[in-house]
Participant: 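The structure is given below, and queries will be raised subsequently.
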Amino acid sequence: MTTLTPVLTARWDQSDAFTLRNYEKADGYKALRRALQRTPADIVQIVQDSGLRGRGGAGFPTGMKWSFIPAQDPASPKPVYLVVNADESEPGTCKDIPLMMADPHVLVEGVIITAYAIGAKHAFIYVRGEVLHVFRRVLNAVAEAYEAGYLGQNILGSGFDLDVVVHAGAGAYICGEETALLDSLEGRRGQPRLKPPFPAVAGLYASPTVINNVETIASVPSIVAGGAEWFRGMGNEKSPGYGIFSLSGHVTKPGQYEAPLGITLRELLDMAGGIRAGHELKFWTPGGSSTPMLTAEHIDVPLDFEGMAGVGSLLGTRALQIFDDTTCVVRATERWIEFYKHESCGKCTPCREGFWWMVQILERLEKGDGTEADLDKLLDMSDNIAGRSFCALADGGVAPVVSSIQHFRDEYIAHFEHGGCPFDPAASTLFAQELGAKA
Amino acid sequence: MTDVNDVNDVQAAPGPLGDTVRAEMAQIIARYPEPRSALLPMLHLVQSHQGYVTPEGIELCAEVLDITEAEVAAVATFYTMYKRRPVGDYHVGVCTNTLCAIMGGDAIWDDLSEYLGVGHDETTDDGKVSLERVECNAACDYAPVMMVNWEFMDNQTPQSARELVDRLRAGEQVTSTRGPRICTWKQAERVLAGFPDELATEGVAAGPASLVGLELAHENGWTAPEGGQRELGGSTK
């Protein structure tokens, strides 16, 4: 049996976990002292050896990403930038926000070590704007770190300088896409760039830039302190280490569960007290709405990068949204596509127009006015949206459509045979009894 | 009621943006290697002074950054947090993305919208409450979720939502379910411009759902293997 391995979440139950004083008491910033005694190349090597893969969804090897920063001509070096993607917005994803709220200093320490490793003297933490208190906590942690000499000039006497800016976004899911985030951070509309060039070559202000997710950067201090072998002692060969699994929806105890990669939904559901009483699992997303939905037949598949790819989905952000048998999958899908329609930046026609039309069709289907030809049309449109736009929003947006038709085609058909949605939305709510739900 | 995002009907600006605001904008610009990066926080600052992105605010941002007003307006209209009409003292968001909607967000929205007599992106006649359907706010383990001035109000019901807006409209002090006392929308926008207030240490470190895994690990004696940073110093509890 897999058990939980709290590392990132280990201090969250302390009332003042977010203060520098509390963080230092738990040996905070000790990994930084250790890192500053090694060469930057050593730190890159440790992270490469650990096998840490990006925790923002794509799972790209972190150390390799860092190693892509080209060597600078000493005569005219270009500045190198570190940007932390703290724009957590993927539906279902809710791990970075509590991390920054409870333990912002582990992120700041990770930022300093990472900046040192890649040769950055300027780092940015791009926090979505709609989480005011989280933004406050990160601002406060950075201010405390400056005061204590962990940031600024000649950090801990090492000769290394670093400035960190905490930057608030202004409400746009697309800014979680790394190149859109860079445009946004440059004061523009957040629209993705065509790659290549990749940010490692031409990122922020066309300079070499590393962009990493909050959880990725927050994992760096413990890897430096514990070592690559320690990290590899959790998870498995291709998906090493721990990660935060976020359970939400129709489970008895929704919340954050930090475990080795490769744990299964069955194990996590056992820990979370199972599906809410009297109901059964119907469908779930492994890592946010952009990862194709799965069903009860997949609850023993390892929640790691390979395991999820093997069943046609993605590990994504480990945002496990759980829906029970009261939930209408057509309604769920329609709402997700409304989201992608709303959040499409408008740059690429297939995405901008495609999701708009999909919403019309899904609304019709949910009302019972659709036909089977609509399902084929949705699949045909999916083929023409995914892979035909600059960024992954388009690919992610078709995931609920394609996977829901794959697993629940009969339920779509039942809508127009039944002349409407056969489900009672009140029965799905947490206050079903007060609403007098039928179920 | 007013529609806060009607671009064709921009109201006259409140008090002018004077030298103080220019000085604050200069402070924001000084944080960045290139001035234009300051634009998003500058627009938050405009909202903190004037209650929305005013034509005057757009002009000032353009002048200070030496870019065109069209470039500023293009940015201001891209992001949903920037408003083109005055926002109430309390911006109330109801998450109606899929998971929250299904867990009760749709029921809360329908009830609250009817109760307040306003729809999406509209403000009550007393200027107190602006209502908005918001997308996923990264608190899914606390569904159904509402936000007041971008502070978390977790695990809501139609009844608790009504009580919440009643208290806000009555001028009572409301506290986030796992955060600080709720300030006004303008004050919130000032913090988002990067000018901190004194509230960072208010509220808990983590809410109950954030801790369920950790508590289960404690109960069962589950830990990460020895060797990680957290094991070096032990717990401070």
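Per chain, numbering begins at 1; letters A, B, ... match sequence-line order.
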Participant: Pick one of side chain, backbone, both or neither for Y81(A), based on which atoms fall under 4.5 Å of a heavy atom in chain B.
Facilitator: side chain
Participant: Using non-hydrogen atoms and a 4.5 Å limit, figure out which bit of E219(B) sits close to chain A: side chain, backbone, both or neither.
Facilitator: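 Interface part for E219(B): neither.
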Participant: Look at E258(A), H250(A), K253(A) and state which one has the largest set of heavy-atom pairs under 4.5 Å with chain B.
Facilitator: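 Answer, by heavy-atom pair count under 4.5 Å with chain B: H250(A).
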Participant: Between N220(B), T201(B), L39(B), which has the largest tally of heavy atom pairs under 4.5 Å with chain A?
Facilitator: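 The residue among N220(B), T201(B), L39(B) with the greatest pair count is T201(B).
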Participant: Measure C100(B) against the heavy atoms of chain A and call it side chain, backbone, both or neither at under 4.5 Å.
Facilitator: neither
Participant: What's the verdict on side-chain contact (heavy atoms from CB on, under 4.5 Å) for C94(A) and Y142(B), showing C-alpha distance, side-chain angles and the deciding distance?
Facilitator: CA-CA 10 Å; C94(A) 48; Y142(B) 296 93; over 6 Å; no
Participant: From N137(B) CG over to I97(A) CD1, what is the distance, rounded to the nearest 0.5 angstrom?
Facilitator: 8.0 Å
Participant: Please identify, among M81(B), E189(B), E151(B), the residue contributing the most non-hydrogen atom pairs under 4.5 Å to chain A.
Facilitator: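 When all of M81(B), E189(B), E151(B) are compared, M81(B) has the most.
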Participant: Check each atom of Y173(A) against the heavy atoms of chain B and say whether the ones under 4.5 Å are side chain, backbone, both or neither.
Facilitator: neither
Participant: For chain B, which of S15(A), A17(A), G129(A) has the most heavy-atom pairs under 4.5 Å?
Facilitator: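 Looking at each of S15(A), A17(A), G129(A) in turn, G129(A) comes out on top.
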Participant: Under 4.5 Å heavy-atom distance to chain A, tell me which part of F152(B) shows up: side chain, backbone, both or neither.
Facilitator: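 Looking at F152(B), just its side chain touches chain A.
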Participant: Pick one of side chain, backbone, both or neither for I67(B), based on which atoms fall under 4.5 Å of a heavy atom in chain A.
Facilitator: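 Contact with chain A is absent: no heavy atom of I67(B) under 4.5 Å.
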Participant: Of the backbone (N, CA, C, O) and the side chain (C-beta and beyond), which part of I174(A) lies under 4.5 Å from a heavy atom of chain B, both, or neither?
Facilitator: side chain
Participant: Looking at E130(A), E88(A), H122(A), which makes the most heavy-atom pairs under 4.5 Å with chain B?
Facilitator: E130(A)
Participant: What residue, out of S184(A), P79(A), A272(A), has the most heavy-atom pairs lying under 4.5 Å from chain B?
Facilitator: S184(A)
Participant: Less than 4.5 Å to any heavy atom of chain A: does that hold for the side chain of V204(B), its backbone, both, or neither?
Facilitator: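 Only the backbone of V204(B) comes within 4.5 Å of chain A.
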Participant: In terms of heavy-atom pairs under 4.5 Å with chain A, which of G194(B), P158(B), A38(B) leads?
Facilitator: P158(B)
Participant: Among P208(B), A188(B), A193(B), single out the residue with the greatest number of heavy-atom pairs under 4.5 Å to chain A.
Facilitator: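 Top option by heavy-atom pairs under 4.5 Å: A188(B).
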Participant: By a 4.5 Å heavy-atom criterion (distance strictly below it), what part of P33(B) contacts chain A: side chain, backbone, both, or neither?
Facilitator: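 Both backbone and side chain.
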Participant: Under a 4.5 Å heavy-atom cutoff, which of Q159(B), E202(B), E215(B) has the most pairs with chain A?
Facilitator: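 Greatest number of close heavy-atom pairs with chain A: E202(B).
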Participant: For the residue pair V212(B) and P254(A), what are the closest heavy atoms and their distance?
Facilitator: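 Closest approach of V212(B) to P254(A), heavy atoms only: CG2-O, 3.6 Å.
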Participant: Write down the atom of W230(A), the atom of E226(B), and the distance for their closest heavy-atom approach.
Facilitator: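 Result for this residue pair: CD1-O, 2.9 Å.
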Participant: Just by modelled atom types, is the I102(B) backbone N or O under 3.5 Å from a matching donor or acceptor in the S428(A) side chain?
Facilitator: no
Participant: Are more than 12 heavy atoms from other residues, nucleotides or ligands located less than 6.0 Å from atom CD of Q173(B)?
Facilitator: yes
Participant: If every non-hydrogen atom of F431(A) is compared with every non-hydrogen atom of Q156(B), which pair is closest and at what distance?
Facilitator: CE2-O, 3.6 Å
Participant: Measure up the F124(A) and Y32(B) rings against each other and bin them: parallel (under 30°), tilted (30 to 60°), perpendicular (over 60°).
Facilitator: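 Parallel: the ring planes of F124(A) and Y32(B) meet at under 30°.
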Participant: Does some side-chain heavy atom of P41(B) sit less than 4.5 Å from a side-chain heavy atom of H167(A)?
Facilitator: yes
Participant: Given that the side chain runs from C-beta out, which part of A107(B) has a heavy atom under 4.5 Å from chain A: side chain, backbone, both or neither?
Facilitator: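 A107(B) touches chain A through side-chain heavy atoms alone.
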Participant: Counting heavy-atom pairs under 4.5 Å with chain B, which one of P98(A), G346(A), P425(A), G92(A) comes out on top?
Facilitator: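 Of P98(A), G346(A), P425(A), G92(A), G92(A) has the most heavy-atom pairs under 4.5 Å with chain B.
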Participant: Heavy-atom distances under 4.5 Å only: say whether A101(B) touches chain A with side chain, backbone, both or neither.
Facilitator: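 Both parts, backbone and side chain.
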Participant: Could you pull out the closest heavy-atom pair between A170(A) and H44(B), with the gap in Å?
Facilitator: CB-NE2, 3.9 Å
Participant: For the CD atom on E114(B), are there more than 12 heavy atoms of other groups (residues, nucleotides or ligands in this structure) within a distance under 6.0 Å?
Facilitator: no
Participant: Of the non-hydrogen atoms in R136(A) and A200(B), which two are nearest, and what is the gap between them?
Facilitator: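 Heavy atoms of R136(A) and A200(B) come nearest at CD-N, 3.8 Å.
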Participant: Among G105(B), G93(B), P180(B), G179(B), single out the residue with the greatest number of heavy-atom pairs under 4.5 Å to chain A.
Facilitator: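 Among G105(B), G93(B), P180(B), G179(B), the one with the most close pairs to chain A is P180(B).
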Participant: Could you go through the side-chain contact (heavy atoms from CB on, under 4.5 Å) check for L132(A) and M147(B) one step at a time?
Facilitator: CA-CA 10 Å; L132(A) 180 60; M147(B) 307 298 293; over 6 Å; no
Participant: So do L4(A) and L216(B) actually touch side chain to side chain, heavy atoms under 4.5 Å?
Facilitator: yes
Participant: Does any heavy atom of chain B fall under 4.5 Å from the side chain of S246(A), the backbone, both, or neither of them?
Facilitator: neither
Participant: To the nearest 0.5 Å, tell me how far E90(A) CD sits from N97(B) CG.
Facilitator: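 Answer for the CD-CG pair, E90(A) versus N97(B), is 9.0 Å.
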Participant: Would you compute the distance between atom CZ of R188(A) and atom OG of S37(B) and round it to the nearest 0.5 angstrom?
Facilitator: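 The OG atom of S37(B) is 8.5 Å from CZ of R188(A), to the nearest 0.5 Å.
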Participant: If I measure from the heavy atoms of chain B, does V131(A) come under 4.5 Å with its side chain, its backbone, both, or neither?
Facilitator: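 Both parts, heavy atoms under 4.5 Å.
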Participant: Heavy-atom count check: over 12 atoms from other residues, nucleotides or ligands less than 6.0 Å from K121(A) NZ?
Facilitator: no
Participant: How far does CH2 of W12(A) sit from CG of L214(B), to the nearest 0.5 angstrom?
Facilitator: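 It is 9.0 Å, given to the nearest 0.5 Å.
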Participant: Check whether L139(A) gets within reach of chain B through its side chain, its backbone, both or neither, counting any heavy atom under 4.5 Å.
Facilitator: side chain
Participant: Side chains of L99(B) and P91(A), heavy atoms from C-beta outward: is any pair under 4.5 Å?
Facilitator: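 No; the side chains remain at least 4.5 Å from each other.
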Participant: Output the distance between atom CZ (F339(A)) and atom OG1 (T96(B)), rounded to the nearest 0.5 Å.
Facilitator: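 Output value for this atom pair is 11.0 Å.
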Participant: Do the side chain of R189(A) and the main chain of V75(B) share a donor and acceptor less than 3.5 angstrom apart?
Facilitator: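 Answer holds: no.
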Participant: Indicate the atoms forming the closest heavy-atom contact of L40(B) with G187(A), along with that distance.
Facilitator: CD1-CA, 4.2 Å
Participant: Judged by atom type as modelled, is there a donor-acceptor pair below 3.5 Å linking the side chain of H133(A) to the main-chain atoms of W150(B)?
Facilitator: no
Participant: Starting at CD1 of I108(B), measure out to OG1 of T429(A) and round the result to the nearest 0.5 Å.
Facilitator: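 Result: 9.0 Å between the selected atoms.
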Participant: Contact between D141(B) and Y257(A) at the side-chain level, heavy atoms closer than 4.5 Å - yes or no?
Facilitator: no
Participant: What part of C345(A) is in contact with chain B, defined as an atom under 4.5 angstrom from a non-hydrogen atom: side chain, backbone, both or neither?
Facilitator: both
Participant: Please rank E334(A), E229(A), M234(A) by heavy-atom pairs under 4.5 Å with chain B and give me the top one.
Facilitator: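 Greatest number of close heavy-atom pairs with chain B: M234(A).
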